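Since we're looking at a predicted model, the values are computed, not measured. Reminder, nothing fancy here: chain letters follow the sequence lines and each chain counts from 1.
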Protein chains: 4
Amino acid sequence: MGEVRAKRMPRAVRERQMLDAAVRVFGERGYRAASMDDIAELAGVSKPLVYLYLNSKEELFSACIRRESAALVAAVRAGVSGAGGADRQLWDGLRAFFTHTAHNPDGWAVLHSHARTGGEPFAVEVTAMREEIVAFVTGLIAAAAREAHGDPALPDREVAGLAQALVGAAESLAGWAGTDPSVTAKEAAATLMNFAWSGLGNLMEGRRWSPAPGA
Amino acid sequence: MGEVRAKRMPRAVRERQMLDAAVRVFGERGYRAASMDDIAELAGVSKPLVYLYLNSKEELFSACIRRESAALVAAVRAGVSGAGGADRQLWDGLRAFFTHTAHNPDGWAVLHSHARTGGEPFAVEVTAMREEIVAFVTGLIAAAAREAHGDPALPDREVAGLAQALVGAAESLAGWAGTDPSVTAKEAAATLMNFAWSGLGNLMEGRRWSPAPGA
Amino acid sequence: MGEVRAKRMPRAVRERQMLDAAVRVFGERGYRAASMDDIAELAGVSKPLVYLYLNSKEELFSACIRRESAALVAAVRAGVSGAGGADRQLWDGLRAFFTHTAHNPDGWAVLHSHARTGGEPFAVEVTAMREEIVAFVTGLIAAAAREAHGDPALPDREVAGLAQALVGAAESLAGWAGTDPSVTAKEAAATLMNFAWSGLGNLMEGRRWSPAPGA
Amino acid sequence: MGEVRAKRMPRAVRERQMLDAAVRVFGERGYRAASMDDIAELAGVSKPLVYLYLNSKEELFSACIRRESAALVAAVRAGVSGAGGADRQLWDGLRAFFTHTAHNPDGWAVLHSHARTGGEPFAVEVTAMREEIVAFVTGLIAAAAREAHGDPALPDREVAGLAQALVGAAESLAGWAGTDPSVTAKEAAATLMNFAWSGLGNLMEGRRWSPAPGA
DNA sequence: TATGAATGAGCCTTCATTCAT
DNA sequence: GATGAATGAAGGCTCATTCAT
């Protein structure tokens, strides 16, 4: 009965606690609906301390975005070995993506659902991250196109559109997997991979993509 | 000199004005950041009248979601002739979808960006609409599968995932088209159709889908 | 028992009440130390209403300054008949000044003590008022100089300094009269008139100024 | 690189630094708007040290008032030689006053602008100082009156009023000189001396006071 | 049908002040 | 002698909502 509030921790530790709490509350409620009181309470500190370390609600949210962006990008990059064909790399990246978002639903909600809503200041930060991922995927697709035939058969603009669609599909499936706990990261990745790589047309005819053995 | 505020209009008309204003303000600012004052002012009526007709901010937002949902679903249904194979129907639906969202950016923002953020009460309504669309797409895919071979080669669960991915890709492309005005609804639809129908694998090899002549 | 809070008054009346309360609280405590809560309570309304009508603490304070400035300048102008020599006009003006400040101590405190402190935005307004008074006095002094001999014997710069000194002396005496209730406006005016018109040198020698009979 | 914060200084030195910083910040911003953080930072020490030495914001402000009061009174006393007639002593005192305030604008602002605003506790201290100066001037005027004719021709009450006026005029001119840098201390003193000693009446007629040669 | 007048509640932010080392 | 860590208490401002007409 009664939280024993840990006292006098070094700044770095407290700051981490605050960011953890903030991601959780922002993720659950969104930027506007989240209150600094709630964040402070969840972090186990008083509100003035939050302000002392993170200056304002806006900066706190920015810090959340930056941290979660970096974590997500890092997770995807780490998941992609670099070996194998473009399909294999895409498969690896998707698995890492779905695994990370499934393990960090609030962080993902901050990035996907809330950051784009908050108007100017955050859109900048989150768009930057999203574009980093889109660029990554774009690179994979272009590389795949070069693999298939020496010249880039697909014009840049089309590649961009495809990457956009792929990322959107991934985001949507992440939401699906987040909602229904029986959907595993691997299943989501497989679904998307089939969809993206083989296309509905092929699927209709019973042809489907599957990772090379051992993946 | 100054706005002459029209007086004593029939209820239906006033209600429409209010919903128009609300969709605009909610779409631009999101649920929490939108204020009833702004909505009333944009609608050209006093705040108590808004409450008289629409009861609360929450109900007003719900009404917006319902109206925009219905409009979007209707537009997609209207776009699909029912004639032709599954691919043709999908193509028609996508074109209608992208055309409608491009013409109603605020309505689309309400549905896509903001309604999911607002917590419980709205999630219900928007999820309902989204699921209606997913069900529609699911039906198309299942029909296509039956066309290809008599038995449903794809299990329900997989079909659901595919529909989810397709809708997500469409949403993402709608955002893309909304951002960059040089992207037409038709181009967005074509990009998605290629992606979805042929799959990246086929595209890599130079095979692509294209609508039957006359579409 | 207890204040019956009058309800539903027309806006103009409420606004007056708010300004009255604000002048009182600002006058007693100064800009920073005054709280909007206190002002609202003294005005007998809720805080949001104060904001609805007067927008912000800063604007409220500005409105106070403007109202009290205008009242003071009007009182002084009204007190000066325009007839008689420069000394008589000065005498009339001083009496009006001391009478007004004695009757409106909070208004005077707002102008004299607090408005100069509040940084930029208010300094502008209050300096404008003060300069209006200084200009008025400056005009009187210059007129007197012309009366005495055709050419302006006193250079502008010196006249400005004298006016500054005179106004400062008046302000100081207003504070004195405000502190000690036995000092009447008339006595303060007489003291200052003697000081200013005859100078200490003459006073030392028993010569003093006095208003023409009937003043 | 960066401020090397001097450590372990004797108490007296640290206290001086703090008072210097406090006078500066209080002078620029006023009592309420000044923050202990700003003062501590400007003093180059941590906030707890300020509290260790000076106990509270109120006491710190009091200490500022006392120090600046003492310095001002000392400067004026030092400027008055004691030789010469009353007019000469007044002239010396005014010059010292204007010189000191011009050199210590923040200290002067603390005394003149801010200390009277802060309510009860400070009014006491600053009024004490002001009364010391008023008493000093009162003494001069009374002495002058005795010089002119053996018996005190002016009743005490009138002398008090005159002193009040004189001090007020001086304060006003100090503000004037502080605002316009082209106004020298000597010019301000001369303007006031003419005003006070000769009176506007005499000035109008071309008669003016001037210091005995050598002053 | 329509509105001017009004408010309870809450949120972001800051400040003077203290504790433990 | 000196400080990093921490907070209770307020203050400015806004918002959804209602009452009386």
Side-chain angles (χ1 to χ4, degrees), chain A residues 5-11 13-15 32-40 44-60, chain B residues 5-11 13-14 32-40 44-60, chain C residues 5-11 13-15 32-40 44-58 60, chain D residues 5-11 13-14 32-40 44-53 55-60:
Chain A
R5 183 175 281 201
K7 299 247 174 189
R8 270 173 212 255
M9 330 239 318
R11 173 167 183 155
V13 175
R14 276 280 190 245
E15 234 172 273
R32 296 282 301 217
S35 93
M36 294 296 271
D37 282 83
D38 294 339
I39 293 170
V45 297
S46 71
K47 229 185 336 172
L49 199 58
V50 179
Y51 278 88
L52 188 61
Y53 287 173
L54 289 139
N55 301 319
S56 73
K57 195 183 186 183
E58 219 167 82
E59 279 191 36
L60 174 54
Chain B
R5 181 177 286 200
K7 298 236 174 193
R8 310 252 150 203
M9 327 236 322
R11 171 161 183 155
V13 177
R14 276 278 192 249
R32 293 286 299 215
S35 89
M36 295 297 270
D37 283 84
D38 293 339
I39 292 169
V45 297
S46 70
K47 241 186 319 175
L49 199 58
V50 179
Y51 278 87
L52 187 62
Y53 285 177
L54 288 139
N55 302 319
S56 74
K57 193 185 188 185
E58 220 167 78
E59 279 191 35
L60 174 54
Chain C
R5 182 176 283 200
K7 301 245 173 188
R8 299 242 152 214
M9 329 239 319
R11 173 166 181 157
V13 176
R14 276 279 189 250
E15 235 173 272
R32 295 283 301 216
S35 93
M36 294 297 270
D37 283 84
D38 293 339
I39 292 170
V45 297
S46 70
K47 226 185 340 172
L49 200 58
V50 179
Y51 279 89
L52 188 60
Y53 286 173
L54 289 138
N55 301 319
S56 73
K57 193 183 187 185
E58 220 168 80
L60 175 54
Chain D
R5 182 175 285 199
K7 299 238 175 192
R8 311 255 150 199
M9 329 235 322
R11 170 159 186 158
V13 177
R14 275 279 190 245
R32 292 285 299 216
S35 89
M36 295 296 272
D37 282 84
D38 294 338
I39 292 170
V45 297
S46 72
K47 241 186 322 176
L49 198 58
V50 179
Y51 277 88
L52 187 62
Y53 285 178
N55 303 317
S56 75
K57 194 186 187 183
E58 220 167 78
E59 280 191 36
L60 173 54

Integer-rounded Å distance: E/dT3 P and B/Met36 CE = 15 Å
Spacing between B/Leu49 atom CG and E/dG4 atom C1', to the nearest angstrom | 13 Å
Looking only at F/dA2, F/dA16, E/dT17, the nucleotide nearest the D/Ser46 side chain is F/dA2
Does OP1 or OP2 of E/dA2 have a side-chain N or O of B/Arg14 closer than 4.0 Å?
-> yes
note: A/Ile39, atom CD1; E/dC11, atom P; distance rounded to Å ~ 11 Å
Tell me: CG of B/Leu60 to P of F/dC15, nearest whole Å?
-> 16 Å
Shortest non-hydrogen pair, B/Ser46 vs B/Ala40, comes out as C-CB, 4.1 Å
Would you kindly give the CG-to-C1' distance between A/Leu54 and E/dT13, to the nearest whole Å?
-> 14 Å
D/Ala34 or B/Arg32, whichever maps to the more 5' nucleotide of DNA chain E = B/Arg32
Value rounded to 0.5 Å, distance of CE in D/Met36 from CD1 in D/Ile39 = 5.5 Å
Interatomic distance where CD belongs to C/Glu15 and C1' belongs to E/dA6 [whole Å] = 15 Å
Going by the side-chain hydrogen bond (donor to acceptor under 3.5 Å, both in side chains) test, name the single residue among B/Glu59, B/Lys57, B/Glu58 that passes it with B/Asn55.
-> B/Glu59
Counterpart base for F/dT21, defined by Watson-Crick or G-U wobble contacts under 3.5 Å | E/dA2
Atom CZ in B/Arg11, atom CG in B/Leu49: separation rounded to 0.5 Å?
-> 8.5 Å
Atom-to-atom span, OH of D/Tyr53 to P of E/dT17 - whole angstrom = 19 Å
Within this structure, what is the CE-to-P distance between C/Met9 and E/dA5, rounded to whole angstrom?
-> 11 Å
Distance from A/Glu15 atom CD to A/Met9 atom CE, nearest 0.5 Å?
-> 12.0 Å
Considering heavy-atom distances to DNA chain F, does B/Ser35 or A/Leu52 have its closest nucleotide positioned more toward the 5' end?
-> A/Leu52
Which part of the nucleic acid does B/Arg11 contact within heavy-atom distance under 4.0 Å: base, sugar-phosphate only, or nothing?
-> nothing
Is there any protein nitrogen or oxygen under 3.5 Å from a nitrogen or oxygen in nucleotides 18-21 of chain F, and what are the pairs?
| from | atom 1 | to | atom 2 | distance (Å) |
| --- | --- | --- | --- | --- |
| F/dC19 | O2 | C/Arg8 | NH1 | 2.9 |
| F/dC19 | O2 | C/Arg8 | NH2 | 2.8 |

Taking a pair as Watson-Crick or G-U wobble with both distances under 3.5 Å, which nucleotide is matched to F/dC15?
-> E/dG8
